[in-house]
Every structure is written in C-alpha cells, then in structure tokens.
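What follows is a set of notes on a single structure, which appears directly below.
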2 protein chains.
Amino acid sequence: MAVTLQTGPVRKALPVKAAGRGVETTLRSHTQVALRSAILNGQFVAGQKLVERELCELTGASRSVLREALVNLEVNGLIERQSYCGYRVTELDARTVCEIFELRSSLETQAAVLFAERASEAELEALNRQLEKLEDCVENFDIEIMRPVKEGYYDILFTGCRNRELRRALENIIDRVCHLRSRLMRDPELRVTSLHEMQKLTAALLKRDPIATRAASLAHLDSAKEAVLASMADEVFKDDL
Amino acid sequence: MAVTLQTGPVRKALPVKAAGRGVETTLRSHTQVALRSAILNGQFVAGQKLVERELCELTGASRSVLREALVNLEVNGLIERQSYCGYRVTELDARTVCEIFELRSSLETQAAVLFAERASEAELEALNRQLEKLEDCVENFDIEIMRPVKEGYYDILFTGCRNRELRRALENIIDRVCHLRSRLMRDPELRVTSLHEMQKLTAALLKRDPIATRAASLAHLDSAKEAVLASMADEVFKDDL
DNA sequence: CAACATAAAATTGTATACAATATATAGTTC
DNA sequence: GAACTATATATTGTATACAATTTTATGTTG
C-alpha cells in the first residue's frame with residue numbers, strides 16, 4: 001500500500017510554528033491579516049474580483065484556509081460574495097460612505113465621551129503624548145508612520161472608553177473607509193486640518209468635558225466625511241477623462 | 001441512532017436548489033442560519049463545547065461547509081474559538097451584558113431618532129400596525145409569536161432609519177443578547193412593562209419628536225438591561241443551590 | 001490508591017479531490 | 001461578417017483525506 005510518495009502531502013510542514021507564540025499561530029489568522037492588509041493598503045482595488053487560486057498562491061495558503069479567511073472578511077463587509085461568481089472587494093458609493101460616517105460618528109463620539117468619563121489619568125497622559133507624536137509627524141512630513149501613530153491614538157481612546165463591544169464595532173466600521181482615509185492624508189492641507197481637529201478633541205478629553213468632547217468629535221468626523229466624499233467626486237471626474 | 005441515513009459519498013444531490021431563489025441557496029448560508037437559530041433559541045447553552053462532527057450530523061453539512069459557517073458566527077461574537085480546542089458558545093458575564101447594552105442603546109436610539117426624521121408616512125403607519133399586533137400578543141398571551149412580531153417591529157424601524165450600516169451593527173449586537181431577552185418575555189409583568197415602553201416609543205416616533213424618541217428609546221433599553229442583569233443574578237443564585 | 005508516564009482515541013488544523021456552475025472559445029448558420 | 005449554439009476551460013461549491021494536537025484511557029510505580 002501506500003507509501004504514497006506523490007507530490008502532495010509533503011507540504012512545508014510547520015510554517016506555523018515558526019510564527020512564534022504571542023500572535024495567533026494558525027494559518028487562517030495569518031491569511032486573514034494578510035488579505036485584510038492588502039485590501040486596506042489598496043493592493044486590491046475596489047470592485048476587483050478576487051480569484052481564490054490566485055489568492056492561494058499569493059498567501060501560500062490552501063483553499064480551505066483561504067476560504068475561511070474570506071468568510072471573515074465578508075462578514076466584516078470588506079468583500080462581497082456572489083454564488084459561483086466569487087468575491088469582489090466591496091465598492092463604496094457616496095451613499096454608503098455617508099451611512100458609514102453616520103454610524104461611525106455615533107460610535108466614535110460615544111467612545112470619546114465615555115473616555116472623558118472613565119479613562120485613568122495615565123490614559124489621559126498617554127493620549128496627550130500620542131498627540132504630540134502625531135504633531136511631530138505632521139510637522140516633519142513623516143507620512144509613512146502617521147497611520148500607526150493615529151492607530152495608537154485611537155487604541156488608547158478605545159481602551160479608555162471601557163467598552164469592548166463598542167471597540168469591536170468601531171474597529172470594524174473604521175476598516176471600511178480606512179484605505180480612503182490613508183490616501184487623503186497625502187494632502188498637506190488636510191493633514192493640518194485633521195491635526196487641528198484632533199488637538200481640539202484631545203483638549204476636551206483632557207478636561208473631561210463631555211460637551212466639548214462631543215462637539216469636537218462630531219466636527220472632526222464631519223470634516224473627514226466631507227473630505228472623503230470630495231475625493232470620491234474627484235475620482236469620478238478622473239474616470240471621465 | 002442516526003435517523004439520517006446520508007452516511008456515504010452519496011450526496012443528497014441538490015437540496016440547495018429546492019430551497020428556492022429568493023433566499024440564499026448555498027449550503028453554507030443554510031447551515032449558518034440553522035446554527036444561529038440553535039444558539040439563539042438556547043438549544044446550545046452558553047459555554048457549551050461545539051464539536052464539529054456532531055454539528056455536521058445535526059445539520060447534514062460537511063465539515064468544510066460547517067467550518068465556514070462557524071467562522072461567520074465567530075466573527076459575530078456568538079461563539080469563540082481556541083486553537084485545537086474547538087468552539088464554545090460565548091458566555092456572557094454581567095460586565096459584557098452592560099457593555100452590549102451600552103452599545104445597543106447608542107445604536108438603537110440613533111436608529112429611532114433617524115426613523116423619526118426620515119421614515120415615510122407609510123412606514124409610520126406600518127410601525128403603528130405592528131405595535132397593535134404586539135398589543136394583541138401580550139393581551140392574548142401569544143408568547144410564541146411575540147418574537148417574530150417584535151422582530152417585525154424592529155425591521156420596520158431599522159429600514160426606516162435609512163442606514164444599512166447602522167442596521168447591520170444593530171442586528172449583530174442584538175443577536176448577542178437575543179436568547180436572554182426571549183426567556184425574559186415569559187414573565188407576564190415584564191411583557192406588560194416592555195409593551196408600555198414600546199407604546200411610548202411608538203407615540204414619539206409617530207409625532208416625529210426626536211427628544212421624546214430619544215428618551216423613550218433610552219428608557220426602554222435601560223429597563224431591558226436591568227431585567228437581563230436581574231435574571232442573570234437569579235441564574236447565579238440557582239447555581240448555588 | 002495516588003501520581004506519573006505512555007499509548008490510544010478523539011478532535012481540530014490543513015490540504016486535496018470531485019461536482020456544479022459560470023465564462024470563454026470555437027464552430028455553424030444565415 | 002454577425003448572431004447564435006455547442007464545446008472547452010476556468011472558477012467556485014462541496015466533500016473527503018491526511019496531519020497535528022489535545023484529551024482520554026491504560027498501565028506502571030511508589
């Protein structure tokens with residue numbers, strides 16, 4: 001019987017182990033993260049069809065692993081599936097962007113208000129320090145590290161609001177427009193405007209002032225929404241050329 | 001004994017086709033819905049371990065299909081996975097319930113306020129009719145059909161608020177405490193209280209009064225939260241016996 | 001009998017094989 | 001040559017097989 005020395009099963013054995021301990025070690029989670037990053041970084045353009053075999057080659061995962069990762073992304077709304085037609089990167093029209101920002105405003109403002117109410121003094125200080133880092137980024141045009149710094153700011157905010165469900169919902173919805181926002185930050189003027197808004201928000205948070213916090217958060221998000229919508233209009237215009 | 005004699009490679013050909021057109025026809029979505037219902041109906045108790053092979057036999061799905069369905073439930077927080085230890089139904093402690101209701105209050109109140117602002121006259125009427133159905137249920141102790149009737153009410157509400165992302169987030173979070181709420185509705189007193197609160201909410205919505213809507217929604221959800229927390233305390237007490 | 005080490009079974013993680021459907025290509029007809 | 005049909009290819013949907021790990025059972029030793 002079966003010595004079965006055929007090509008297949010002798011795969012790369014244990015690439016998982018090598019990944020280390022702290023992070024999730026399953027191929028699935030690794031594949032998930034890789035695909036998510038690819039979409040968020042804009043490597044896959046919106047509307048693009050995602051062929052499973054190609055993704056397998058790209059990530060090194062088998063189809064079963066890949067498909068489970070795809071289900072995850074689908075539930076989070078990053079991709080859409082149609083029977084026997086595969087997955088596509090979700091396209092965002094203006095209406096959806098408005099809906100996303102409407103939801104996000106509600107969630108993020110609540111998070112900010114709760115942060116002002118519940119955060120520890122240490123968290124207030126940490127938030128302030130993170131803001132200073134962001135100021136440095138803007139000043140020195142360190143556009144590359146701006147995203148992780150901003151994510152750090154939000155991480156403090158979402159932790160300090162003391163609601164993991166809120167955090168989960170927020171991180172999910174933010175993913176949906178993340179890549180759009182990244183591209184916008186190439187515009188120096190928008191960077192300065194955005195920073196100024198975040199300074200106002202931070203000041204309100206440091207004073208634990210719920211009214212000012214709410215106002216600053218809503219203003220910031222409204223501004224972000226308008227910028228995204230404007231850039232989308234530009235895209236449409238470019239397509240017409 | 002296994003009543004289902006679908007053991008072998010003899011696949012059941014096209015059970016999918018039979019499902020019709022409107023609904024999703026894939027085995028995966030069918031399996032997903034079945035598992036979700038089972039959890040929401042309390043067939044699987046919180047904390048219970050879910051063995052894949054058993055779920056396969058229960059749903060008739062193969063493991064690949066089943067696992068993709070499980071990923072979906074996992075992303076929505078209904079079940080939790082641990083490497084090589086499988087899935088378990090997510091257990092809700094008091095803190096998590098508080099967090100869920102805090103988030104839900106925010107979302108549902110926003111939805112209600114937006115409904116008051118944006119719903120069509122037809123939707124206002126539909127909401128009122130649905131409330132009347134609910135009144136009949138409570139009056140006639142039709143506890144079985146109460147859940148679908150309430151879901152119908154919320155369906156109108158979530159449609160009329162004109163925000164699909166908000167709807168998505170809400171339906172997700174509501175799932176998490178759905179089974180708890182169902183059990184509570186066995187209590188006649190709570191049914192009457194809950195109905196009264198919904199009457200107040202509906203009245204505010206019909207008048208398109210945002211202030212009254214907000215107040216009624218928050219009051220309703222706070223009351224629901226307290227009821228759930230109280231029942232959880234009872235559960236703990238019962239465990240001690 | 002308790003405690004530990006070891007082996008067997010069960011369960012999950014991963015990879016591949018087969019079936020159903022959709023898309024693309026080639027051929028035929030007018 | 002355009003439009004339609006039939007065939008071939010590609011891609012997704014589904015099922016099964018193999019590997020890694022954990023859990024349970026077994027046996028040994030003090």
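Order of the sequence lines sets the chain letters (A, B, ...), proteins ahead of strands, with each chain counted from 1. Computed over heavy atoms, backbone and side chain alike; hydrogens, waters and symmetry mates excluded.
For Arg28(A) and dA15(C), the CZ to P distance is 14 Å, given to the nearest whole Å. Computed from coordinates, the Arg63(A) CZ to dG13(D) P distance equals 8 Å when rounded to whole Å. Atom CG of Leu66(B) is separated from atom P of dG13(D) by 17 Å (rounded to the nearest Å). Taking atom CD1 of Ile79(A) as the reference point, atom C1' of dT12(D) lies 13 Å away to the nearest angstrom. When rounded to the nearest whole Å, the span between OH of Tyr84(B) and P of dT22(D) equals 7 Å. Distance, Arg88(A) CZ to dT12(D) P: 10 Å, rounded to whole Å. When rounded to the nearest whole Å, the span between CD of Glu80(A) and C1' of dT12(D) equals 17 Å. Rounding to whole angstrom units, CD of residue Glu54(A) and P of dT11(D) are separated by 7 Å.
In this structure Phe101(A) satisfies the ring-ring contact (aromatic ring centres under 6.0 Å, His included) test with no other residue, sequence neighbours excluded.
Using a 4.0 Å cut-off between a side-chain N of Lys or Arg and a carboxylate O of Asp or Glu, Glu80(B) and Arg88(B) do not qualify as a salt bridge. Taking the charged nitrogens against the carboxylate oxygens, Glu74(A) and Arg28(B) do have a contact shorter than 4.0 Å, which makes a salt bridge. Under the 4.0 Å criterion applied to side-chain N and carboxylate O atoms, Asp142(A) and Arg147(A) are not assigned as salt-bridge partners. Glu123(A) has a carboxylate O that lies under 4.0 Å from a charged side-chain N of Arg162(A), or vice versa, which qualifies the two as a salt bridge.
When distances run from any side-chain atom of Val51(A) to the nucleotides dT16(C), dT11(D), dG13(C), the shortest one goes to dT11(D). Among the nucleotides dT12(D), dT12(C), dT14(C), the one closest to any side-chain atom of Glu52(B) is dT12(C). Of the candidates dT12(C), dA17(C), dT14(C), the closest approach to any side-chain atom of Lys49(B) belongs to dT12(C).
Along DNA chain C, the nucleotide nearest Arg53(B) and the nucleotide nearest Glu68(A) are compared for position; the residue whose nucleotide lies closer to the 5' end is Arg53(B). Between Tyr87(B) and Val65(A), the residue whose closest nucleotide on DNA chain C is further toward the 5' end is Tyr87(B).
When the side-chain nitrogen and oxygen atoms of Arg67(B) are compared with OP1 and OP2 of dG13(C), one or more of them lie within a distance under 4.0 Å.
When heavy atoms are screened at a 4.0 angstrom cut-off, Leu55(A) is found touching no nucleic acid atom at all.
One axis for each end of the helix from dC1(C)-dG30(D) to dC30(C)-dG1(D), each built from five base pairs, and the angle between them comes to 10° at 10° resolution.
Using modelled atom types, one finds no donor on one side chain facing an acceptor on the other under 3.5 Å when comparing Gln32(B) with Arg36(B).
Not a single donor-acceptor pair, N or O on each side, falls under 3.5 Å between the base of dG13(C) and the side chain of Arg81(B).
A 6.0 Å sphere centred on CD of Glu144(A) holds no more than 12 heavy atoms belonging to other residues, nucleotides or ligands.
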